[in-house]
Enquirer: 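Below: one structure in structure tokens.
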Amino acid sequence: MNQVNHLFQQNYSVTRKEREELNGHKSFTIWFSGLSGSGKSTLAAALDQWFYKRQIRSYITDGDNTRLHLNRDLDFSREGRKENIRRVAEVARLFNDAGVVVISSFISPFEEDRIAAKSIVGSENYIEVYIATPLETCIQRDAKGLYAKAQKGEISDFTGINSPYEVPLSPDIIVDTTDKSIEESLETITNWLLENKLHIIVGLKQ
């Protein structure tokens, strides 16, 4: 017998709204998607600092970090990638319930998985940022040497080389870091947030 049928959702006395009020701001998830080397992790770190300086509680969930620990049992097959995104979306939802802004930085190459993540987090809490840096630029950077290994056949199922990346169909924000500095790219993101999301934060300190 499936034991899941015997599980019950627990509801707690402290609500998400109360946690948000305690923090002084709303909680939501900013989902960075883009190729390896596109600038996701660098921008996520810069945005985290931007939030911190404004006393907005935020936390980064990053592809490498989660695969080294939480999702260390998953491979890079289609099913492994799907489960990876499902798990980190569930983590983002939990952090949001705790009143924390989540910055998720994952290649998340498949539109189906990004739609699923949005459904788990909640469409009203999900902001998709497409880091649209072209593959050619990412290959030229190749700071980790991963593209070179993939091109030699040393890494299988590597996005952009032997596994596809599906461009997001309707991202909220698009940033191409090819000719933009981190500061300029960050400004594109924060300007959108200030106009569309952060204006609802209580007591936001500019």
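Predicted model, so just to flag it, every value in this text is computed and none were measured. FYI, the numbering just counts along the sequence from 1.
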Enquirer: Looking at every heavy atom in both Thr29 and Ala92, which two are closest together, and how far apart are they?
Expert: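 Scanning both residues, the minimum pair turns out to be OG1-CB, 3.6 Å.
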Enquirer: Identify every side-chain donor-acceptor pair in residues 151-161 under 3.5 Å, counting partners at least two apart or on other chains, and give the distances.
Expert:
unit_1, atom_1, unit_2, atom_2, d
Thr159, OG1, Arg81, NH1, 3.1
Thr159, OG1, Arg81, NH2, 3.4

Enquirer: Heavy-atom distance under 4.5 Å between the side chains of Leu43 and Val129, does that happen here?
Expert: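 Not in contact.
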Enquirer: If hydrophobic clusters are built by linking Ile, Leu, Val, Met, Phe, Trp and Tyr wherever their side-chain heavy atoms come under 4.5 Å apart, do Ile30 and Ile120 end up in the same one?
Expert: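 No, because Ile30 and Ile120 fall into different hydrophobic clusters, even though each may have its own neighbours under 4.5 Å.
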Enquirer: With rounding to the nearest 0.5 Å, note down the distance linking CD1 in Ile115 to CG in Leu169.
Expert: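 One finds 7.0 Å between CD1 of Ile115 and CG of Leu169.
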Enquirer: Rounded at 0.5 Å granularity, tell me how far CD in Glu18 sits from CG in Asn23.
Expert: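 With rounding to 0.5 Å, CD (Glu18) is 12.0 Å from CG (Asn23).
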Enquirer: Check whether Ile174 and Ile189 end up in the same hydrophobic cluster, where Ile, Leu, Val, Met, Phe, Trp and Tyr are linked by side-chain heavy atoms less than 4.5 Å apart.
Expert: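 Looking at the clustering, Ile189 is in a separate group from Ile174.
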Enquirer: Counting only N and O atoms by type, is there a donor-acceptor contact under 3.5 Å from the side chain of Glu111 to the main-chain atoms of Glu166?
Expert: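 Looks like no, no N/O pair under 3.5 Å.
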Enquirer: Would you say the side chain of Trp192 lies within less than 4.5 Å of the side chain of Val175, judging by non-hydrogen atoms?
Expert: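 Not touching, per the 4.5 Å side-chain cut-off.
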Enquirer: Is any side-chain heavy atom of Thr133 closer than 4.5 Å to a side-chain heavy atom of Cys138?
Expert: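 Sidechains of Cys138 and Thr133: in contact.
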Enquirer: Of all the heavy-atom pairs spanning Ile60 and Ala44, show the shortest one and how long it is.
Expert: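 In terms of heavy atoms, the two residues are closest at CD1-O, 3.5 Å.
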Enquirer: Please say whether more than 12 non-hydrogen atoms of neighbouring residues, nucleotides or ligands are located less than 6.0 Å from CD in Glu187.
Expert: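 Counting other residues, nucleotides and ligands, CD of Glu187 stays at 12 neighbours or fewer.
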Enquirer: Should the heavy atoms of other residues, nucleotides or ligands under 6.0 Å from NZ of Lys180 be counted, would the total exceed 12?
Expert: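 More than 12 heavy atoms, drawn from other residues, nucleotides or ligands, come within 6.0 Å of this atom.
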Enquirer: Please determine, by modelled atom types, if Glu128 and Tyr126 share a side-chain donor-acceptor pair under 3.5 angstrom.
Expert: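 Yes, side-chain donor-acceptor contact under 3.5 Å.
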Enquirer: Quick one: do Ser104 and Thr61 satisfy side chain to side chain donor-acceptor pair (under 3.5 Å)? Show the steps, please.
Expert: CA-CA 5 Å; Ser104 292; Thr61 56; 3.1 Å; yes
Enquirer: Hey, is the main chain of Glu195 close enough, under 3.5 Å, to the side chain of Asn191 for a donor-acceptor pair?
Expert: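 No; zero donor-acceptor contacts below 3.5 Å.
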Enquirer: Could you name each residue pair satisfying side-chain hydrogen bond (donor to acceptor under 3.5 Å, both in side chains) that touches residues 36-48, not counting sequence neighbours?
Expert: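 Of all non-adjacent pairs touching residues 36-48, those that pass side-chain hydrogen bond (donor to acceptor under 3.5 Å, both in side chains) are Ser41-Asp62, Asp48-Ser58.
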Enquirer: Run Arg87 and Glu90 through salt bridge (Lys or Arg N to Asp or Glu O under 4.0 Å) and show every step you take.
Expert: CA-CA 5 Å; Arg87 290 185 192 179; Glu90 290 285 0; over 6 Å; no
Enquirer: Taking all non-hydrogen atoms of both residues, which atom of Thr177 and which atom of Ser185 are closest, and how far apart?
Expert: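 Nearest heavy atoms, Thr177 then Ser185: CG2-OG, 3.9 Å.
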Enquirer: I'd like to know if the side chain of Ser27 and the backbone of Val101 have a donor-acceptor N/O pair within less than 3.5 Å.
Expert: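 Absent.
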Enquirer: What distance do Tyr52 atom OH and Leu47 atom CG have between them, rounded to the nearest 0.5 Å?
Expert: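 Tyr52 atom OH to Leu47 atom CG measures 15.5 Å (nearest 0.5 Å).
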Enquirer: Quick one: closest heavy-atom pair of Asn125 and Arg16, and the distance?
Expert: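 Smallest interatomic distance, heavy atoms only, reads OD1-NH2, 3.3 Å.
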Enquirer: In the single-linkage hydrophobic clustering (I, L, V, M, F, W, Y; side-chain heavy atoms under 4.5 Å), do Ile56 and Ile173 co-cluster?
Expert: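 Cluster IDs for Ile56 and Ile173 match.
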Enquirer: Applying a strict under-4.5 Å side-chain criterion to I, L, V, M, F, W and Y, I'd like to know whether Ile131 and Leu186 cluster together.
Expert: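 Per the 4.5 Å side-chain linkage, Ile131 and Leu186 are co-clustered.
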Enquirer: In the structure I gave you, are the side-chain heavy atoms of Leu193 and Phe51 within less than 4.5 Å of one another anywhere?
Expert: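 A side-chain contact exists here, since the closest heavy-atom pair is under 4.5 Å.
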Enquirer: Taking the basic N atoms (NZ, or NE/NH1/NH2) and the acidic carboxylate oxygens, is any pair closer than 4.0 Å for Glu79 and Lys82?
Expert: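 No, Glu79 and Lys82 are not salt-bridged.
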Enquirer: Among Asn84, Ile85, Asn65, find the residue that satisfies the side-chain contact (heavy atoms from CB on, under 4.5 Å) test when tested with Asn71.
Expert: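 Single pass found, and it is Asn84.
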Enquirer: What's the separation between atom NZ in Lys17 and atom CD in Glu20, rounded to the nearest 0.5 Å?
Expert: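 Spacing of NZ (Lys17) from CD (Glu20) equals 8.5 Å.
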Enquirer: Take a 6.0 Å sphere around CG of Asp179 and say whether it holds more than 12 heavy atoms from other residues, nucleotides or ligands.
Expert: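 12 or below, so no.
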Enquirer: Are more than 12 heavy atoms from other residues, nucleotides or ligands located less than 6.0 Å from atom CZ of Arg141?
Expert: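 More than 12 within 6.0 Å, yes.
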Enquirer: Given the rule that I, L, V, M, F, W and Y join up when any side-chain heavy atoms are under 4.5 Å apart, are Val102 and Leu70 in one cluster?
Expert: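 In one cluster: yes.
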Enquirer: So do Arg54 and Thr190 actually touch side chain to side chain, heavy atoms under 4.5 Å?
Expert: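 Not in contact.
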Enquirer: Heavy atoms only: give me the nearest Asp176-Pro134 pair and the separation to one decimal.
Expert: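 So the two residues come closest at OD1-CD, 3.7 Å.
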Enquirer: Going from CZ on Arg93 to CG on Asn96, what distance comes out if it is rounded to the nearest 0.5 angstrom?
Expert: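 Reported value, rounded in 0.5 Å steps: 9.5 Å.
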Enquirer: Just how far is it from atom OH of Tyr147 to atom CD of Gln140, taken to the nearest 0.5 Å?
Expert: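 Here the interatomic distance stands at 11.5 Å.
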Enquirer: Taking the six-membered ring of Phe76, is NZ or CZ of Arg67 closer than 6.0 Å to its centre and within 45° of its axis?
Expert: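 Ring-cation test returns yes.
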Enquirer: On a heavy-atom basis, which atom in Ala89 and which in Val121 lie closest, and how many Å separate them?
Expert: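 The answer is O-CG2, 3.8 Å.
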Enquirer: Taking the cut-offs as 6.0 angstrom to the six-membered ring centre and 45 degrees off its axis, would you call Arg114 and Tyr165 a cation-pi pair?
Expert: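 Yes, a cation-pi geometry holds between Arg114 and Tyr165.
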Enquirer: Restricting to ring pair (Phe, Tyr, Trp, His ring centres under 6.0 Å), what partner residues turn up for Phe95, sequence neighbours left out?
Expert: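 Phe95 satisfies ring pair (Phe, Tyr, Trp, His ring centres under 6.0 Å) with Tyr59 only.
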Enquirer: Considering only NZ, NE, NH1 and NH2 on the basic side and carboxylate oxygens on the acidic side, decide whether Asp113 and Arg78 come within less than 4.0 Å.
Expert: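 So Asp113 pairs with Arg78 through a salt bridge.
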Enquirer: Taking the side chain as every heavy atom from C-beta outward, state whether Phe32 and Ser108 have any pair of such atoms under 4.5 Å apart.
Expert: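 Not in contact.
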